[in-house]
Amino acid sequence: MIKVMIVDDEILAIEHLKMLLKWEELGFEIIGEALSAKKAMEVVRSTYPQVIFMDIRMPVVDGLSLSEKILALNPNIKIVLLTSHRDFEYAKKAINIGISHFLLKHEMNKSNLAKELRKIHEELVGEDEIARSVKSQSIRDLLFFGHQIGINKFYPRGNKGNYCMFYLKVDRPYPIFDERIERNSTFQRLNLECIKENSDVVEFVEVIPIDKDKAVLLCSSKKRSTERENWQIFHHTALKLQREFVDMVVSMSIIISPLFKNIEQLTEIYAQCEEKSSALVLFDKGSILNLQNLSVSATDIQESCREIARYLNEHNDDFIRMVQDAFELVKLNFHPVTLRFLCKELISMLENLRSQHHLPSYLDTDVRNELHADELFNLKDIMQWMLDEYRKITSTKDEINYSTKVELTLRFIHENYQRDFTMNEIGEKLSISGDHLRHIFKKETGNTILDYLTWYRIEQSKKLLQKEDYKIYEIGEMIGYKTSQYFSLVFKKMTGATPKEYKESLNKKR
């Protein structure tokens, strides 16, 4: 049976379509329905339909936009758009994204629907093609959901094989600023024909794109060999795959699983690759690695982050040595969360240094464009970037001569940071408009007045937190924040720790 899903924001329309004919007699089975785009995506991910009947006019997300998202997940799904006369402009756009099936609602009847279904069936038909599709679907169901019923039709339970999984991942720059750096690439263009033709020892079972960054290649060894011989065979195959991507100007790392006998083990192997792939940042891009040689720490992540925070607080008198040792700590007990935490802490420190040296913030678009952050692929690159940034910041001239207006503005902030004030209030005192003051302050200091005020308040709060005299909510009020919750939120954003955590780290240093 070909699996069908119906998407329409009107339940009566769905019921009408379901009752129009006996779907099973034409080889179709309705396995899901949805009244909204959100529900539709959930059903698509859980049932993997082969055909979707989609109402083109829906609220929030229209059928065309939803179809585009679904086809991005699985370009093999056949989508039939249910349109009216006034929807032909949509139909033109639909053709551009790969949709070729349309039904006019006012002409919908048993005969027209049956004709469309036969047409779709002819496209999917051919016993070999359907078998490949069902087999592929069964492997996907096993890979993503652990469903074993479908796979046993092709690989009977108990049958032994020599399976191996290649986990292919496009090398992406590490996002030190919590923003994904996009580069065009897609696994849909992966061509295995040249590899298939030249391989007499490896059988390619299935290629499964996960997203545009990742894919899984399931293969098996055609002959029994030693573990060392198998590794050499698969490593050679991985090199051929990488050469395919070099032609596409894309660098790709590959994780190779050990051989496994039962196809049912695929779910567990894939889960291990997903988890351990974060450790690819420890290696050079374009690496080919044995899954067994990758590890991710299973220790208490929160405690690991606290340990890093304590270390940074206790050794910040020597920034270069501190950074080198901190990255070594992350490497020895690697977990992606601890690396993310360390980067966030160090960026916060560098941001404070930039402010002290009157340099523009990393939030400034022009500054970001000059950082070369899209060239950081591994731990060594990231650490070196942090050290280079520190040297660059601290080599700048400390003393900068500001104009009188900016000097007076800085003095006003230092004297009035404990209370709320407006730009116009400062402008009136300086006989200048608020807008003009914002402009010259940003031009000379590289920071907005609000950014500088926030930084100055947090610096003052750090001094107060070193004393035992005040509670945290009192300190928040003393530096100009009306609630302790907002003070904690700003403090953590600026330092990477809450005021309470910061105070505890100071107490431990004592």
Side-chain angles (χ1 to χ4, degrees), residues 176-179 316 319 344-373 385-386 388-465 475-483 485-497 499 502:
I176 58 172
F177 288 105
D178 285 326
E179 60 182 20
N316 56 19
F319 187 89
K344 187 175 181 180
E345 292 284 295
L346 293 178
I347 290 294
S348 178
M349 290 181 174
L350 291 171
E351 187 74 273
N352 287 337
L353 272 176
R354 292 185 72 87
S355 183
Q356 292 170 26
H357 287 259
H358 308 296
L359 294 171
S361 166
Y362 287 128
L363 297 175
D364 190 298
T365 304
D366 291 335
V367 173
R368 289 284 185 99
N369 292 337
E370 297 174 358
L371 292 177
H372 305 293
W385 184 90
M386 297 288 182
D388 290 345
E389 274 297 291
Y390 173 77
R391 294 186 180 103
K392 186 168 63 176
I393 293 168
T394 54
S395 67
T396 58
K397 186 179 178 182
D398 288 332
E399 294 297 327
I400 299 177
N401 295 320
Y402 293 127
S403 66
T404 302
K405 299 293 186 185
V406 171
E407 287 284 0
L408 291 173
T409 302
L410 291 170
R411 185 185 303 172
F412 182 93
I413 293 172
H414 297 167
E415 294 174 354
N416 296 276
Y417 69 91
Q418 305 95 330
R419 66 177 181 86
D420 290 336
F421 54 82
T422 66
M423 297 305 104
N424 290 334
E425 180 182 348
I426 305 176
E428 288 176 5
K429 289 185 175 294
L430 304 181
S431 301
I432 186 176
S433 72
D435 287 339
H436 186 50
L437 178 59
R438 288 189 189 93
H439 175 72
I440 63 171
F441 191 93
K442 170 74 173 176
K443 183 179 179 181
E444 292 188 28
T445 69
N447 292 292
T448 66
I449 293 176
L450 179 58
D451 285 343
Y452 183 82
L453 170 63
T454 302
W455 170 80
Y456 191 78
R457 281 174 166 173
I458 297 305
E459 288 302 303
Q460 298 309 306
S461 72
K462 288 179 181 178
K463 297 175 183 178
L464 294 169
L465 285 165
I475 293 174
E477 292 174 354
M478 292 167 69
I479 64 167
Y481 293 116
K482 294 180 180 178
T483 68
Q485 292 87 348
Y486 187 65
F487 166 49
S488 295
L489 186 68
V490 175
F491 192 96
K492 182 162 187 176
K493 183 178 179 182
M494 293 290 290
T495 67
Y502 183 82

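Hydrogens, waters and symmetry mates are skipped; everything else that's a heavy atom, side chains included, is used. Index from 1, following the sequence.
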query: What pair of heavy atoms forms the shortest contact from I347 to I176, and how long is it?
result: CG1-O, 4.0 Å
- prompt: Any idea which heavy atoms bring I458 and S461 closest together, and the distance?
  reply: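 Where I458 meets S461 most closely, the heavy atoms are O-OG, 2.6 Å.
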Just how far is it from atom [atom1] of [X] to atom [atom2] of [Y], taken to the nearest 0.5 Å?
X    : Y    : atom1 : atom2 : answer
W385 : L350 : CH2   : CG    : 6.0 Å
T445 : K442 : OG1   : NZ    : 7.5 Å
I426 : M423 : CD1   : CE    : 4.5 Å
L437 : S431 : CG    : OG    : 11.5 Å
D388 : I393 : CG    : CD1   : 11.0 Å
I475 : E477 : CD1   : CD    : 11.0 Å

message: Within the structure provided, determine whether K482 and D420 are in side-chain contact (heavy-atom separation under 4.5 Å).
response: yes
message: Side chains of Y456 and L410, heavy atoms from C-beta outward: is any pair under 4.5 Å?
response: no
- prompt: F441 and D451: side chain to side chain contact (heavy atoms under 4.5 Å, CB included), yes or no, with the steps?
  reply: CA-CA 11 Å; F441 191 93; D451 285 343; over 6 Å; no
- request: Go through E444 and T409 one step at a time and tell me if the side chain to side chain contact (heavy atoms under 4.5 Å, CB included) criterion holds.
  value: CA-CA 12 Å; E444 292 188 28; T409 302; over 6 Å; no
- request: Tell me, with the steps shown, if N352 and E459 meet side chain to side chain contact (heavy atoms under 4.5 Å, CB included).
  value: CA-CA 9 Å; N352 287 337; E459 288 302 303; 4.0 Å; yes
query: Within a reach of under 6.0 Å around CZ of R411, are more than 12 heavy atoms found that belong to other residues, nucleotides or ligands?
result: no
Once you measure the plane-to-plane angle for [X] and [Y], does it fall in the parallel (<30°), tilted (30-60°) or perpendicular (>60°) bin?
X    : Y    : answer
F487 : F491 : perpendicular
Y481 : Y486 : perpendicular
F319 : Y390 : parallel

task: Kindly determine whether R354 and E389 satisfy salt bridge (Lys or Arg N to Asp or Glu O under 4.0 Å), including the steps that lead there.
output: CA-CA 10 Å; R354 292 185 72 87; E389 274 297 291; 3.6 Å; yes
[Y] backbone acceptor or donor facing [X] side chain under 3.5 Å:
X    : Y    : answer
Q460 : I479 : no
S348 : K344 : no
R457 : Y417 : yes

task: Test side chain to side chain contact (heavy atoms under 4.5 Å, CB included) on I440 and H436 and set out the steps.
output: CA-CA 6 Å; I440 63 171; H436 186 50; 3.7 Å; yes
